[in-house]
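Structure record follows, encoded as structure tokens.
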Amino acid sequence: MTEIKIKLMPGCEDFLPVKAHHDDAGYDLRSRVDIELEPLSGAVVPAGFAMELPPGYEAQIRPRSGWAAKHHITVTNSPGTVDANYRGEVKVILFNLGSDVFPIRTGDRIAQMVICKLPEVTLTEVAELTETDRGSGGFGSTGKE
């Protein structure tokens with residue numbers, strides 16, 4: 001099992017990321033501030049902790065599906081990436097795509113964090129790539145938009 005060290009910010013003793021269920025992929029992150037998220041606007045919301053990821057790992061910050069479906073609240077750079085060498089407070093870039101002000105209160109679950117092991121790869125420059133049926137067909141090239 002891989003150890004991830006968590007440092008809670010002062011006054012944030014209840015902000016340790018936790019899974020709601022043992023088999024969940026993501027750890028719930030909480031807001032350490034009260035904000036009003038205006039329609040069609042965003043905010044950077046501090047989550048009350050910093051962490052030490054081992055080399056070769058990242059933390060992905062993802063939207064909460066319930067907020068996205070019911071209130072149109074998302075993580076703007078989804079998934080956001082926390083790199084292994086970052087030691088500052090984890091923050092979540094939230095955006096309100098809805099038409100109503102969305103209140104966020106201290107302690108509200110605002111996002112989920114998934115810890116991922118990164119593969120070691122080598123990028124090699126070549127003159128040509130292997131052909132495929134799709135080729136260079138991009139967005140919408142499969143016939144479904």
From CA spacing to verdict: side chain to side chain contact (heavy atoms under 4.5 Å, CB included), Asp100, Phe102: CA-CA 6 Å; Asp100 297 320; Phe102 188 78; over 6 Å; no

query: With a 4.5 Å limit on heavy-atom distance, are the side chains of Ile93 and Ser78 in contact?
result: no

task: Would you give the length of the straight line joining atom CG of Leu37 to atom CD1 of Ile73, rounded to the nearest 0.5 angstrom?
output: 5.0 Å

task: Please answer: with hydrophobic residues joined when any side-chain heavy atoms are less than 4.5 Å apart, are Ile110 and Tyr27 in the same cluster?
output: yes

task: For the pair Gln112 (side chain) and Pro63 (backbone), establish whether a donor and an acceptor sit closer than 3.5 Å, ignoring hydrogens and angles.
output: yes

task: For a side-chain contact (heavy atoms from CB on, under 4.5 Å) with Leu53, tell me which candidate from Thr2, Asn85, Ile4 qualifies.
output: Ile4

Donor-acceptor under 3.5 Å (Arg32 side chain, Cys12 main chain): no

query: Do Val90 and Val114 sit in the same hydrophobic cluster, where Ile, Leu, Val, Met, Phe, Trp and Tyr count as joined when their side-chain heavy atoms come under 4.5 Å apart?
result: no

query: Where the side chain of Thr81 meets the backbone of Asp83, is there a donor-acceptor pair that is under 3.5 Å apart?
result: no

message: Quick check for you: to the nearest 0.5 Å, what is the distance between Arg87 atom CZ and Lys5 atom NZ?
response: 8.5 Å

query: Below 4.5 Å, heavy atoms only, C-beta onward: do Phe49 and Leu29 meet side chain to side chain?
result: yes

query: Would you say the side chain of Phe15 lies within less than 4.5 Å of the side chain of Thr106, judging by non-hydrogen atoms?
result: yes

